[in-house]
Colleague: 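Right, I'll just put the structure down here and ask away after.
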Amino acid sequence: MLTDIEIAQSASMKKIGDIAADLGISRDEIEPYGHYKAKITDSVMKRLEDKPDGKLILVTAVNPTPAGEGKTTVSIGLGQAMNQVGKNTVIALREPSLGPVFGIKGGAAGGGYSQVVPMEDINLHFTGDMHAITSANNLMCAMLDNSIQQGNELGIDPRRVQIKRCLDMNDRALRNIINSLGGTKNGIPREDHFIITVASEVMAILCLSNDIFDLKRRLGEILVAYTYDGKPVYCKDIKANGSMTVLLKDAIKPNLVQTLENTPAIMHGGPFANIAHGCNSVRATKTALKLADYVVTEAGFGSDLGAEKFLDIKCRYAGLTPSCIVLVSTVRSMKYNGGVPKDLLKEENLDALKKGSVNLGAHIDNLKKFGVPVVVAINHFYADTQAEIDYVEEFCRSKGADFAVTKCFAEGGKGSIELANKVIDACEKENDFHFLYDLDMSVYDKIETIAKEIYGADGVDYTKEARQSIEDYIKLGADKLPVCMAKTQYSLSDNPKLLGKPENFKITISSVSLSNGAGFLVCQTGSIMTMPGLSKSPAAFRIDIDDNGDTVGLF
């Protein structure tokens with residue numbers, strides 16, 4: 001089979017104006033970036049504001065394993081299949097980050113015959129959104145340090161700066177640095193840090209803002225520092241949010257592209273799925289819902305992280321109601337959760353499959369707590385046996401979830417027709433969508449509810465520092481905010497080595513931070529890496545330009 005990039009480079013793409021026209025968008029309502037990608041202007045939403053929304057389909061997954069589950073590939077394949085069966089469908093996805101692209105994780109454009117294109121552009125600079133977010137964040141940091149340097153009228157304590165500079169690249173050397181060395185003219189020396197752009201609060205804010213004015217307001221509410229006497233300093237206090245908004249005036253507009261089968265796709269934003277909510281932008285999702293009868297979107301990592309935050313944070317703030325949740329799993333992931341090493345996953349092993357199916361079962365049970373119909377999508381791999389598929393189907397039905405096998409990687413939309421029909425049927429079923437917790441609950445009760453109901457923990461422990469931070473943020477009025485839990489994606493617990501369905505454990509909240517502009521409290525369990533490093537053999541080694549000037553090695 002051809003590589004992903006070879007498939008993408010041989011795609012027959014439509015001009016982006018034609019893709020827009022298929023959605024009823026005029027050429028005056030898009031801002032093209034070349035022939036095959038464009039920004040959707042505000043005029044589209046204004047024109048369609050009274051149009052009823054389509055049905056929203058959330059694609060999530062089990063805890064990721066080294067074998068890979070292919071959640072984005074399934075999302076794209078499902079969208080293509082729904083168009084094949086005659087349903088007007090738009091796919092709404094996150095944008096890739098350069099860090100993972102040149103690191104080890106890879107891009108976020110799907111795979112095989114279920115990809116969004118132009119794949120190279122999307123995985124690299126795209127329309128410049130990541131650069132704009134990086135610039136806006138770093139402008140804020142520069143203005144904070146300048147405020148300290150230019151007389152420090154606000155009385156900012158350099159030891160209590162809350163924001164970090166960012167870069168859309170994996171660079172461990174920048175995690176912990178000292179800035180402003182070289183004498184008084186270069187500023188006040190202090191400890192500083194870099195995070196990857198997708199982990200910045202600016203990214204989270206962009207993805208939760210309803211419009212540019214909401215964006216400016218939220219940027220102004222970022223907690224940037226404390227004064228020497230312990231008072232909070234916000235971004236609006238250093239007068240940075242206006243100029244930051246100007247840098248983001250184009251980045252806030254959703255991006256329109258297409259799949260290999262010319263299905264429209266809106267890709268916009270990409271907040272880190274741990275310390276932020278891990279979903280594409282509210283504007284992208286809402287625009288898609290006005291343009292199509294069905295919208296397929298996804299959330300980061302497994303359902304214990306991405307889906308919970310999509311439902312409890314994004315849907316709460318945006319007023320969204322999903323009609324169906326698709327839970328992606330694989331036979332391989334279940335065998336891995338059953339104790340099979342990665343290099344033996346190709347061999348049939350029903351005993352390990354049964355043992356590891358408890359992980360899938362836990363995710364099904366968790367999602368059903370939100371009152372939305374669930375369809376399990378088994379992403380098919382060539383080594384899967386019929387006996388294994390039959391067992392998984394029986395298991396899903398015993399858990400009250402519908403089931404379909406998808407072969408979208410190898411067959412594109414055609415390989416997801418069964419899944420598409422199951423999803424369409426699920427969208428018509430009774431829907432009692434509700435949040436897991438109420439905002440009027442105490443911060444501690446919200447945390448405990450997520451820990452017990454989603455992770456299966458017996459309770460929650462707090463470090464002294466974490467408890468003190470919560471109390472401090474409550475005094476700032478953060479007690480009514482949603483909680484964004486940051487933990488390992490590899491386990492339902494906070495220990496990445498505990499596979500399957502861990503029992504008899506507590507989670508430990510190690511630290512708490514406030515994303516005040518985004519509108520949530522971030523509770524960290526363990527140590528979450530916000531500036532990844534490159535591996536010994538990063539993907540960058542294999543990415544190159546060939547003799548014809550074409551990109552090679554990009555998946």
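None of the values given here were measured: they were computed from a predicted structure.
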Colleague: Name each donor-acceptor pair under 3.5 Å that joins a side chain in residues 327-334 to protein atoms two or more places apart or in another chain, with its distance.
Modeller:
unit_1: Ser329; atom_1: OG; unit_2: Ser333; atom_2: OG; d: 3.2
unit_1: Thr330; atom_1: OG1; unit_2: Ser333; atom_2: N; d: 2.8
unit_1: Thr330; atom_1: OG1; unit_2: Ser333; atom_2: OG; d: 3.3
unit_1: Arg332; atom_1: NH2; unit_2: Ala67; atom_2: O; d: 2.4
unit_1: Ser333; atom_1: OG; unit_2: Thr330; atom_2: N; d: 3.4
unit_1: Ser333; atom_1: OG; unit_2: Thr330; atom_2: O; d: 2.9

Colleague: Mind checking what makes salt bridge (charged side-chain N to carboxylate O under 4.0 Å, His left out) contact with Lys37, not counting sequence neighbours?
Modeller: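 With neighbours one apart ignored, the set is Asp121.
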Colleague: By side-chain contact (heavy atoms from CB on, under 4.5 Å), which residues pair with Met441, not counting sequence neighbours?
Modeller: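 Here the qualifying residues are Tyr437, Asp438, Asp445, Lys446, Thr449.
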Colleague: Yes or no on side chain to side chain donor-acceptor pair (under 3.5 Å) for Gln524 and Ser510, after CA distance, side-chain angles and deciding distance?
Modeller: CA-CA 6 Å; Gln524 290 212 19; Ser510 56; 5.1 Å; no
Colleague: Is it true that a side-chain atom of Thr525 and a backbone atom of Ile507 form a donor plus acceptor pair closer than 3.5 Å?
Modeller: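 It does not hold such a pair.
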Colleague: Looking at Val372, Leu78, Ile424, which one forms a side-chain contact (heavy atoms from CB on, under 4.5 Å) with Ile57?
Modeller: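 Among Val372, Leu78, Ile424, the one that satisfies the side-chain contact (heavy atoms from CB on, under 4.5 Å) with Ile57 is Leu78.
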Colleague: Under a 4.0 Å N-O cut-off, is there an ion pair linking Asp214 with Arg217?
Modeller: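 Salt bridge flag = yes for Arg217 with Asp214.
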Colleague: State plainly whether the residues Lys290 and Asp50 are in salt-bridge range, i.e. N to O under 4.0 Å.
Modeller: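 Not counted as a salt bridge, because no side-chain N and carboxylate O are separated by less than 4.0 Å.
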Colleague: Parallel, tilted or perpendicular for Phe370 and Phe433, by the 30°/60° rule?
Modeller: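 Rings of Phe370 and Phe433: parallel, as their planes differ by under 30°.
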Colleague: Check Asp4 against Gly111 and note the closest heavy-atom contact, atom names and distance.
Modeller: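 Looking at all heavy atoms of both residues, the shortest contact is OD2-CA, 3.6 Å.
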Colleague: Are Lys314 and Thr285 linked by a side-chain donor-acceptor pair shorter than 3.5 Å?
Modeller: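 Present: a donor and an acceptor within the cut-off.
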Colleague: Kindly give the heavy-atom pair with the smallest separation between Phe555 and Asn123, and that separation in Å.
Modeller: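 It is CE1-ND2, 3.5 Å.
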Colleague: Salt-bridged, Asp293 to Lys55, with N to O below 4.0 Å?
Modeller: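 Judged by the 4.0 Å cut-off on N to carboxylate O distance, Asp293 and Lys55 do not form a salt bridge.
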Colleague: Can you find a heavy atom in the side chain of Thr41 that is under 4.5 Å from one in the side chain of Ile30?
Modeller: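 No, every pair of side-chain atoms sits at 4.5 Å or beyond.
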Colleague: In sequence, state the C-alpha distance, the side-chain angles, and the governing distance for Tyr462 and Tyr444, and then conclude on ring-ring contact (aromatic ring centres under 6.0 Å, His included).
Modeller: CA-CA 10 Å; Tyr462 299 85; Tyr444 299 101; 5.3 Å; yes
Colleague: Of all residues at least two apart in sequence or in a different chain, which pass the side-chain contact (heavy atoms from CB on, under 4.5 Å) check with Asn349?
Modeller: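 side-chain contact (heavy atoms from CB on, under 4.5 Å) check on Asn349 returns Lys335, Val340, Asp351, Ala352.
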Colleague: What do you reckon, is CD of Glu49 surrounded by more than 12 foreign heavy atoms closer than 6.0 Å?
Modeller: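 It does: Glu49 CD has more than 12 such atoms within range.
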Colleague: Between Lys253 and Asp129, does any NZ, NE, NH1 or NH2 come within less than 4.0 Å of an OD or OE carboxylate oxygen?
Modeller: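 No, Asp129 and Lys253 are not salt-bridged.
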Colleague: Would you give me the side-chain donor-acceptor pairs under 3.5 Å for residues 82-91, sequence neighbours excluded?
Modeller:
unit_1: Asn83; atom_1: OD1; unit_2: Thr89; atom_2: N; d: 3.1
unit_1: Asn83; atom_1: ND2; unit_2: Thr89; atom_2: O; d: 3.2
unit_1: Asn83; atom_1: ND2; unit_2: Thr263; atom_2: OG1; d: 3.3
unit_1: Gln84; atom_1: NE2; unit_2: Glu261; atom_2: OE1; d: 3.0
unit_1: Asn88; atom_1: ND2; unit_2: Leu291; atom_2: O; d: 3.4
unit_1: Thr89; atom_1: OG1; unit_2: Lys87; atom_2: O; d: 3.1

Colleague: Does some side-chain heavy atom of Phe381 sit less than 4.5 Å from a side-chain heavy atom of Asn379?
Modeller: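 Of all side-chain heavy-atom pairs linking Phe381 with Asn379, at least one is under 4.5 Å.
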Colleague: Can any side-chain N or O of Thr259 pair as donor or acceptor with the backbone N or O of Gln115 at less than 3.5 Å?
Modeller: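 Looks like no, no N/O pair under 3.5 Å.
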Colleague: Could you tell me whether Lys286 and Asp53 make a salt bridge, using a distance below 4.0 angstrom between a side-chain N and a carboxylate O?
Modeller: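 Result for this pair is no, no salt bridge flagged.
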Colleague: State, to 0.1 Å, how close Ser416 and Cys408 come at their nearest heavy-atom pair, and which atoms those are.
Modeller: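 Result for this residue pair: OG-CB, 3.3 Å.
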Colleague: Determine yes or no for a side-chain-to-main-chain donor-acceptor pair under 3.5 angstrom, with Arg316 supplying the side chain and Asp312 the backbone.
Modeller: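 Side chain of Arg316 to backbone of Asp312: a pair is present.
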Colleague: Using a strict threshold of under 4.0 Å (side-chain N to carboxylate O), is an ion pair present between Asp402 and Lys422?
Modeller: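 Salt bridge present between Lys422 and Asp402.
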Colleague: Mind jotting down which residue pairs meet the salt bridge (Lys or Arg N to Asp or Glu O under 4.0 Å) criterion with at least one end in residues 197-212? Sequence neighbours excluded, please.
Modeller: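 For residues 197-212, and leaving out neighbouring residues, there are no salt bridge (Lys or Arg N to Asp or Glu O under 4.0 Å) pairs at all.
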Colleague: Please indicate whether Phe505 has more than 12 foreign heavy atoms, meaning atoms of other residues, nucleotides or ligands, lying under 6.0 Å from its CZ.
Modeller: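 Counting neighbours around CZ of Phe505, more than 12 heavy atoms of other residues, nucleotides or ligands fall under 6.0 Å, so yes.
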